[in-house]
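Some notes on the structure that comes next.
Note that the structure is a prediction, hence the values are computed from the model and not measured. Below, read A as the first sequence line, B as the second, and so on, with proteins coming before strands; counting in each chain starts at 1.
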Amino acid sequence: MYLYLQQQIQDVVKEFAKRQFDVDANVVVNQPPRAEMGDMALPLAMELARTLRRAPRQIAEEVAAELKKLEIVERVEIAGAGYVNLYFKRAAYATAFDQRTSGASTGKATGEKIIVEHTNINPNKAAHIGHLRNAALGDTFVRLLRSRGRNVEVQNYIDNTGVQVADVVAGFLNLEKKSAEEVRRLTEDPAVRFDYYCWDLYAKVSRFLAEQADGKAMRSTMLREIEAGGTEAARMAEIVSTAIVRAHLKTMHRLGVEYDLLPRESEILHLRFWDQAFALLKAKGAVYLETAGKNSGCWVMQYKGSETEDETAANEEDTKVIVRSNSTVTYVGKDMAYQLWKFGLLGKDFYYQPFHTYPDGHVVWMSSSERGKPSPAFGNGKIVYNVIDTRQSYLQDIVAAGLRALGYAAQADRSIHFSYEMVALSPRCCEEMGIELSPEEQKRPYIEVSGRKGLGVKADDLIDRLTEEALREVAARHPDKSQETKELIARQIAIGALRYFLLKYTCNAVIAFDFREALSFEGETGPYVQYAVVRARNIFRKLAEEGEGAKPVAISEATLAKFLAPPDGDAFWSLLYLISQRDAAAEQAVVTTEPAAVAKYAFQLAQAFNNFYHRFHILTEQNPERKAFLLWLVRKLEEQLTATLGILGIEAPKAM
RNA sequence: GCGCCUGUAGCUCAGUUGGAUAGAGCGUUGGUCUCCGGAACCAAAGGUCGGAGGUUCGAAUCCUCUCAGGCGCACCA
């Protein structure tokens with residue numbers, strides 16, 4: 001509602017400025033610093049004063065006169081140096097909002113497809129908190145886009161033939177002397193948590209390879225074997241990566257994260273996606289065979305236009321190896337092929353097999369090198385978001401540069417790196433976990449997580465701990481509830497706390513993970529917001545218990561007018577006004593790729609409601625008309641706050 | 001060395017494409033409640049927005065310089 005009006009006003013004023021002053025104005029419509037100053041504000045007059053060489057207040061008068069014509073506008077004031085402040089007809093606004101939000105928003109999104117790629121964990125070990133941030137951001141962004149009516153496809157790329165998998169395979173073969181068959185049995189052993197097992201093995205083998213003189217050679221041999229396929233190592237890589245992918249899906253599903261497609265790197269190779277992309281790149285001269293220097297024998301790509309005069313020395317710094325001298329392809333190369341496919345530019349497609357069915361019936365598909373089952377049409381995205389941490393910006397730039405080199409500048413622009421900072425551990429957190437730190441490290445604000453060193457907080461461990469903590473609280477507050485119910489509520493609270501914690505920071509803030517903060521259920525947290533919804537619902541539950549129908553009742557504009565009128569209605573109006581801003585918060589989050597905006601909004605809404613809840617008693621209200629109004633307001637709050645939590649992937653429990 | 005990011009209250013962070021008196025949470029101090037369940041509410045204290053210039057009606061926000069911290073620049077991803 002808010003967003004709609006804001007845009008309408010923007011359009012009206014823009015058109016007016018063109019007609020009246022003959023200028024293309026950048027019309028900003030925002031909110032005044034205090035509610036008494038109006039509902040929306042336009043600082044336009046000050047901006048135009050210079051170019052028009054007229055007093056700002058005079059311009060403001062003209063803009064104000066134009067805006068007074070709008071049906072929804074109650075009055076307009078000129079304030080300060082020339083702000084145009086609008087006051088809406090509260091009852092009309094409320095009625096319009098009620099109508100817009102009452103209709104069930106059905107219908108599948110059919111517009112141009114947006115592909116969001118996220119999670120992308122190397123399938124060689126258990127997921128850790130860093131991966132959780134990626135998934136929480138990606139999944140929330142998907143929910144955001146869908147809430148705005150966009151058609152979204154979620155992909156989780158599986159790097160099943162990369163070095164990280166190769167290392168674990170090397171560990172099984174060289175350190176543990178296990179056959180592929182023995183590893184397979186290990187994945188089926190209920191007594192073994194395979195992803196945790198690999199977590200430890202990966203750390204072990206990383207240390208081992210670092211100590212070996214020929215560690216590098218061992219790694220590249222292993223990689224080649226796995227890429228080529230058909231060997232014991234390749235079979236083992238398939239077993240390991242598939243088992244780990246299943247573990248990851250399970251972990252992520254605990255947070256409510258689902259995917260549509262799991263494209264695998266092995267198919268990029270086996271279905272010759274890379275050969276196709278390579279041919280395109282060669283044909284356009286985007287890559288060339290280096291014959292001298294350190295990259296001799298490699299196919300490299302020129303990165304950033306070398307404007308430097310001395311082309312010999314500086315050049316090498318600006319090139320990126322795409323195909324190694326042993327003819328294996330780097331990750332970036334494979335990513336280019338993948339990126340081309342996402343935009344439908346490769347001229348090839350995967351085969352697909354259903355991989356897993358979620359409890360809700362939704363199916364995740366996996367790429368396959370053999371003809372599979374009839375599947376939905378994947379790929380062919382109009383816009384592509386890649387949720388990848390900021391440390392990989394350089395690689396993302398190279399992939400985009402590859403698209404440009406092939407003449408796909410428009411697609412390169414629509415290939416968006418959804419960048420975010422890493423999750424690190426606070427020194428205190430390391431201490432708690434028994435990780436030894438050097439005196440130097442102790443002084444740092446945070447310690448980087450390292451899968452290679454086995455240094456990090458495993459996702460499932462964290463979720464378990466949060467759930468236990470929540471269960472303790474729930475059990476204390478609701479001793480009468482069944483164990484099953486208590487556990488469900490505890491899970492919902494734990495996930496609410498975790499997702500909110502991961503989402504409340506803006507993307508370019510490093511999260512220094514700390515148990516105390518992550519386990520907090522008070523203040524700016526998920527449970528605080530959930531609690532507000534529970535409180536609102538309790539009112540309706542109580543109402544039903546008392547025999548008064550809890551069903552929503554239509555409310556007249558006259559009633560709305562009566563109780564929203566200033567000054568007594570100010571508190572109600574400001575709450576309602578905030579409730580109506582959900583679409584604006586969501587849209588802002590989409591445009592800025594910043595889900596934190598929605599988290600912030602959810603918190604503000606919960607805060608405003610808690611204040612309202614404390615000030616006004618609804619069930620004891622004697623005036624039936626006023627009571628109906630208050631109930632209507634609470635109903636609206638409950639709807640919109642629940643929907644906002646839904647965007648964040650957080651459920652509101654039945655009780656707390 | 002080059003590139004990118006970050007410096008805002010004691011701590012952790014917001015700050016709406018440059019807008020009015022810079023805001024939250026935690027922590028501290030004090031208060032609210034026989035209540036629709038306190039995982040709550042209210043209030044107080046706490047700021048040279050790292051520093052210095054500049055741009056303009058107006059700067060936490062844009063530009064330049066500078067200080068501090070982080071990340072990246074592999075035939076790893």
Side-chain angles (χ1 to χ4, degrees), chain A residues 26 28 30-34 37 41-43 46-47 49-50 56 79-83 85 120 122 159 162-164 167 216 219-220 223 290 294-300 303-304 314 317-318 320-326 328 330-332 335 388-395 397 419 421-422 424 426 444-446 448 452 470 473-474 477-478 493 504-506 508-512 514 516-517 520-525 527-528 530-532 534-543 584-585 588 591-592 596-597 600 603-604 607 610-611 613-621 634 655-656:
Chain A
N26 174 30
V28 172
N30 55 20
Q31 278 184 66
R34 278 172 296 140
M37 300 169 92
L42 291 93
M46 283 93 82
E47 197 184 317
R50 187 178 180 77
Y83 291 96
N85 292 342
N120 302 5
N122 271 297
D159 185 5
V163 262
Q164 293 213 21
D167 282 359
K216 235 179 159 178
R219 187 172 271 152
S220 83
L223 202 54
E290 191 74 84
K294 63 172 186 178
N295 293 336
S296 180
C298 300
W299 286 85
V300 301
Y303 172 63
K304 48 183 166 184
E317 291 298 305
D318 295 343
K320 173 71 193 166
V321 171
I322 305 297
V323 181
R324 303 183 186 101
S325 56
N326 70 357
T328 55
T330 60
Y331 179 83
V332 197
D335 205 20
I388 303 177
D389 84 82
T390 184
R391 288 171 295 185
Q392 296 194 41
S393 297
Y394 169 68
L395 283 304
D397 286 350
S419 164
E421 267 290 355
M422 63 179 163
S426 72
R444 287 170 145 255
Y446 49 78
E448 203 171 333
R452 215 167 271 280
E473 289 287 327
V474 175
R477 288 160 207 248
H478 303 280
I493 292 173
K504 74 173 176 179
Y505 298 94
T506 48
N508 51 18
V510 175
I511 299 181
D514 188 283
R516 198 192 61 180
E517 279 174 45
S520 167
F521 296 157
E522 288 165 21
E524 198 194 337
T525 65
Y528 174 92
Q530 289 172 312
Y531 185 63
V534 169
R535 280 181 138 180
R537 289 183 185 166
N538 277 345
I539 294 171
F540 295 109
R541 183 177 48 77
K542 199 88 176 182
L543 201 64
Q588 192 206 338
V591 170
T592 58
K600 267 316 195 259
F603 176 67
Q604 279 172 11
Q607 210 173 27
N610 273 331
N611 174 282
Y613 179 91
H614 193 258
R615 275 178 72 188
F616 304 99
H617 278 226
I618 294 154
L619 295 180
T620 54
E621 175 58 49
V634 175
M656 277 179 79

Next on the checklist: Using OP1 and OP2 only, check whether a side-chain N or O of A:Arg477 sits under 4.0 Å from B:A39.
Outcome noted: yes
Next on the checklist: Suppose you measure atom P in B:U29 against the same atom in B:C65; what distance do you get, rounded to whole Å?
Outcome noted: 47 Å
Checklist entry - A:Gln588 side chain: which of B:U16, B:G38, B:G25 is closest? => result B:U16
Item to check | Donor on one side chain, acceptor on other, A:Asn538 and A:Arg541, under 3.5 Å | outcome: yes
Checklist entry - Would you say the base of B:C75 and the side-chain of A:Ser325 have a donor-acceptor pair closer than 3.5 Å? => result yes
Next on the checklist: Stem finding on RNA chain B, please: runs of three or more consecutive Watson-Crick or G-U wobble pairs, both distances under 3.5 Å, sorted by first number.
Outcome noted: B:1-7 with B:67-73, B:10-13 with B:23-26, B:28-32 with B:40-44, B:50-54 with B:62-66
Next on the checklist: Would you say A:Asn610 places a side-chain N or O within less than 4.0 Å of OP1 or OP2 belonging to B:A40?
Outcome noted: no
Checklist entry - With a 4.0 Å cut-off on heavy atoms, is A:Asp389 in touch with a base, just the backbone sugar-phosphate, or nothing at all? => result nothing
Next on the checklist: If the threshold is 4.0 Å, N to carboxylate O, is there a salt bridge linking A:Arg391 and A:Glu448?
Outcome noted: yes
Next on the checklist: Under 3.5 Å, is there any donor-acceptor pair linking the side chain of A:Asn295 to the base of B:A74?
Outcome noted: no
Checklist entry - Counting only side-chain N and O atoms of A:Gln607, is one of them less than 4.0 Å from OP1 or OP2 of B:G25? => result yes
Item to check | Distance between C1' atoms of B:G70 and B:G53 (Å, rounded) | outcome: 26 Å
Item to check | Stacked pair A:Tyr83-B:A20, distance under 5.5 Å, angle under 30° | outcome: yes
Next on the checklist: Can you tell me if A:Tyr528 touches the phosphate of B:C41, counting only side-chain N or O atoms and a distance under 4.0 Å to OP1 or OP2?
Outcome noted: yes
Checklist entry - How long is the line joining CD of A:Glu524 and P of B:G27, in whole Å? => result 14 Å
Item to check | C1' atoms of B:U16 and B:U55, separation to the nearest Å | outcome: 23 Å
Next on the checklist: Work out how far the P atom of B:C42 is from that of B:G47, and round it to whole angstrom.
Outcome noted: 23 Å
Next on the checklist: Strictly below 4.0 Å: does A:Arg535 bring a side-chain N or O up to OP1 or OP2 of B:C36?
Outcome noted: no
Item to check | N/O (side chain, A:Asn508) to phosphate O (OP1/OP2, B:U6) under 4.0 Å | outcome: yes
Checklist outcome for this item: The side chain to side chain donor-acceptor pair (under 3.5 Å) partners of A:Arg444 (sequence neighbours excluded) come to none
Checklist entry - What is the minimum heavy-atom distance between A:Gln607 and A:Tyr528, and which atoms define it? => result CA-OH, 3.2 Å
Next on the checklist: Between B:A9 and B:A24, how many Å separate the two P atoms, rounded to a whole number?
Outcome noted: 15 Å
Item to check | Euclidean distance for C1', B:G50 against B:U32 (whole angstrom) | outcome: 40 Å
Item to check | Spacing of CG belonging to A:Asn85 relative to CG belonging to A:Leu42, to within rounding of 0.5 Å | outcome: 8.5 Å
Item to check | Rounded distance in Å - CE (A:Met422) to P (B:U6) | outcome: 14 Å
Checklist entry - Which part of the nucleic acid, if any, lies within reach of A:Glu47 when heavy atoms closer than 4.0 Å are counted: base, sugar-phosphate only, or nothing? => result base
Next on the checklist: Given the structure, check if the side chain of A:His614 and the base of B:G38 hold any donor-acceptor pair shorter than 3.5 Å.
Outcome noted: no
Checklist entry - Below 4.0 angstrom from OP1 or OP2 of B:U21, is there any side-chain N or O of A:Arg34? => result no
Checklist entry - How is A:Ala41 classified with respect to the nucleic acid when contacts are heavy atoms under 4.0 Å: base, sugar-phosphate, or nothing? => result base
Item to check | Atom P, compared across B:G10 and B:G54: separation rounded to whole Å | outcome: 29 Å
Item to check | Main-chain N/O of A:Leu619 paired with A:Lys542 side-chain donor or acceptor, under 3.5 Å | outcome: no
Checklist entry - Taking OP1 and OP2 of B:G38, is either one under 4.0 Å from a side-chain nitrogen or oxygen of A:Tyr531? => result yes
Checklist entry - Rounding to the closest angstrom, what is the interatomic distance between B:C4 and B:C62 at atom P? => result 14 Å
Checklist entry - Within the side chain of A:Thr330, is there an N or O that forms a donor-acceptor pair under 3.5 Å with the backbone of A:Ile322? => result yes
Next on the checklist: With a 4.0 Å cutoff (strictly under), does any side-chain N or O of A:Asn611 reach OP1 or OP2 of B:A40?
Outcome noted: no
